[in-house]
Amino acid sequence: MHNLKLIRKDFEAFKKALEKRSLDIDLSKIKKLDIENRELIQKKENFEKEKKEISKSKDKSLFSKSKEISSSLEKIVEKQKSIKNDLEKILSNIPNVPHEDVPFGKDENDNLEIEKFGEIPDFDFRPKSHYELGENLGMLDFELASKTTGSRFVFVKNKLALLERAISNFMLDIHVSKNGYEEISPPLLASADSMFGTGQLPKFENDQFEVKLEEGTERKFLIPTAEVILTNIVKDKIIEAKVLPLRFVASTPCFRKEAGSYGKDTKGMIRQHQFYKVEMVSIVEQDKCLEELERMTNCATNILDLLKLPYRKVILCSGDMGFSAEKTYDIEVWLPSENKYREISSCSSCSTFQATRMKARYKDQKKEISYVGTLNGSGLAIGRTLIAILENYQQKDGSITIPKVLRPYMNNLEKISLN
RNA sequence: GGAGAGAUGGCUGAGCGGUUGAAAGCACCGGUCUUGAAAACCGGCAAAGGGGCAACUCUUUCCUGGGUUCGAAUCCCAGUCUCUCCGCCA
């Protein structure tokens, strides 16, 4: 959410910043509502002051006048509320403004590759896709999932289930012991309020799974990413600057409707309604966002280095960034069967955008209160890491060599094969 | 599912119709003392919004939304959330 006070100072600058998002927001409407709102606030406050004075005076002869004021006040308050409401509705649907580092672009084709890392494996046979490999091993079962549940789900079985668990534990261990993140095992449901805080609501309600609880109670949603829960840890808080930065990591299932991606990645487990992901979240002083973004991105790529998987780092263009982000790096891992890089992590700085929505603030050394900066990044998507390992570590006979760093997590198993 | 209790500032916790934005304590900041620190003592310390170049000033806020009243943290109604006990259950 944008701070109206700042927008007010320079409408044109705000408009320009949003144009980078290829959005044409009707700022004149905001401007008009803002002015009306403030006029009504002033009127309201004058009446309130008058009332207050009467009640303080305890002068009975003025009591009837106070009643009169009350009735005119009522109308003003009602109008002011509705205008404020309209204003907030508009503001809550406007995405974050891209940072100046972010290249202008329309969609994913305009993203910029920054650097490539690792060695692309050179197979002397046609590399199979992860689903061929997994199904041949009898350890990925999509048919079974559609029987028990529906499309876009999968059963991971046997040694691949162990591998999946190993990946999760390995990543968590690194982030906790080397990167200074606090491990959290959070709720997998989030309140509507939390979903608003991180920007999933109101605009992206269609992508979310809502869970029916008791009639009349607060709405709850399955988390599309642990970012929602981890970031909302600081919701409605005023934090002492000295405890910042806060860094949290969690490995959780994520749930997404993937509405609007019909026909996209229908085969295999690239795009599922449910997947595991290790998520990092940082809460920082607002001017530390960008340096924390570099740090966080390095935490993510470090995992790929350790797994010896080839990848590239990409900076997203203005048109491809998520709603809450000011700057995003995607990490893409090499998938031999597709002969291209695919997203395995996305690290974003959300500046104070989410903090404003959440009312997450901190008190700095000068005792001034300002909004925190929030960042989130996958470290990494577990399902996609599994895919990448299957494809990059596959052998001619369809077996999978296990990356060395994962073996301690798998009873020192070196290879997954049919026998 | 049954029966109760509660929701107050960064935290703990008083107040239960009229300068109460709210006692007290903790935490925090500044000062005195000290070689330094601690202790002790003194002082300061809520947020949001509006107006003003500024000093400053005004309004709102004691879970949320209604109501009663000239006046509500305090009374009434509705809702949400939390906790305790019993039952059921991983």
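Chain identifiers are assigned alphabetically (A, B, ...) following the order of the sequence lines, protein sequences preceding nucleic acid strands; residue numbering begins at 1 within each chain.
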Please report the distance separating the C1' of B/C29 from the corresponding atom of B/G65, rounded so that it comes out in whole Å.
39 Å

Taking only residues two or more places apart in sequence or in another chain, which ones pass salt bridge (Lys or Arg N to Asp or Glu O under 4.0 Å) with A/Asp265?
A/Arg271, A/Arg342

In terms of relative ring orientation, are A/His273 and A/Phe153 parallel, tilted or perpendicular, with 30° and 60° separating the classes?
tilted

How close do A/Leu316 and A/Val102 get, counting heavy atoms only, and between which atoms?
O-CG1, 3.5 Å

With rounding to whole Å, what would you report as the distance between B/C81 and B/U64 at their P atoms?
15 Å

How would you list all residue pairs meeting side-chain hydrogen bond (donor to acceptor under 3.5 Å, both in side chains) that involve residues 320-329 of chain A, not counting sequence neighbours?
A/Asp101-A/Lys327, A/Asn111-A/Asp320, A/Glu294-A/Tyr329, A/Glu326-A/Ser349, A/Lys327-A/Tyr329, A/Thr328-A/Ser348

Rounded at 0.5 Å granularity, tell me how far CG in A/Asn46 sits from CG in A/Leu73.
10.0 Å

Using Watson-Crick and G-U wobble pairs with both distances under 3.5 Å, what is the 5'-to-3' dot-bracket string of RNA chain B, with [ ] for crossing pairs and | for pairs outside the strand?
((((((((.[[[..)..(.....]]].(((((.......))))).((((((....)))))).[[[[[..)....]]]]])))))))....

Six-ring centre of A/Phe196, A/Arg357 cation under 6.0 angstrom, axis tolerance 45°:
yes

Pairwise C1' distance, B/G21 and B/C58 [rounded to whole Å]
15 Å

Does the A/Asn179 side chain pair with the main chain of A/Tyr181, one donor and one acceptor, at a distance under 3.5 Å?
no

Nearest whole angstrom, please: distance from the P of B/A48 to the CE of A/Met1.
15 Å

Are A/Leu172 and A/Glu183 packed together at the side-chain level, in the sense that at least one heavy-atom pair is separated by less than 4.5 angstrom?
yes

Considering only the C1' atoms, how many Å lie between B/C33 and B/C42, rounded to the nearest integer?
11 Å

Between the protein and nucleotides 6-13 of chain B, list every N/O to N/O distance that falls short of 3.5 Å.
none

Could you write nucleotides 49-64 of chain B as a row of B, S and -, 5' to 3', where a protein heavy atom under 4.0 Å of any base atom gives B, of only sugar-phosphate atoms gives S, and otherwise -?
BSS------BBS----

In whole Å, what is the span from the CZ atom of A/Arg219 to the C1' atom of B/G79?
17 Å

Euclidean distance for C1', B/C28 against B/U12 (whole angstrom)
15 Å

Could you check how far CG of A/Asn37 sits from P of B/A48, rounded to whole Å?
17 Å

Do A/Asp397 and A/Ser399 meet the criterion of a side-chain donor-acceptor pair at a distance under 3.5 Å?
yes

Write down the distance separating the P atoms in B/G44 and B/C62, rounded off to the nearest Å.
26 Å

A/Asp330 (side chain) donor-acceptor with A/Glu343 (main chain) under 3.5 angstrom
no

Sub-3.5 Å donor-acceptor pair from the side chain of A/Ser146 to the main-chain atoms of A/Ser151, do we have one?
no

Just wondering, do A/Phe170 and A/Leu307 contact through their side chains at under 4.5 Å, heavy atoms?
yes

Whole-angstrom distance between B/U82 and B/U8, as gauged at atom C1':
15 Å

B/A78 to B/G1 separation - C1' atoms, rounded to the nearest Å
23 Å

Report yes or no: is the cationic atom of A/Lys31 (NZ for Lys, CZ for Arg) under 6.0 Å from the centre of the six-membered ring of A/Phe11, at an angle within 45° of the ring normal?
yes

Return whichever of A/Arg361 or A/Lys220 has its heavy-atom-nearest nucleotide of RNA chain B closer to the 5' end.
A/Arg361

Is there side-chain contact between A/Thr252 and A/Glu279, with at least one heavy-atom pair below 4.5 Å?
no

Quick one: what's the B/S/- string for nucleotides 66-77 of chain B, heavy-atom cutoff under 4.0 Å, read 5' to 3'?
S---BS------

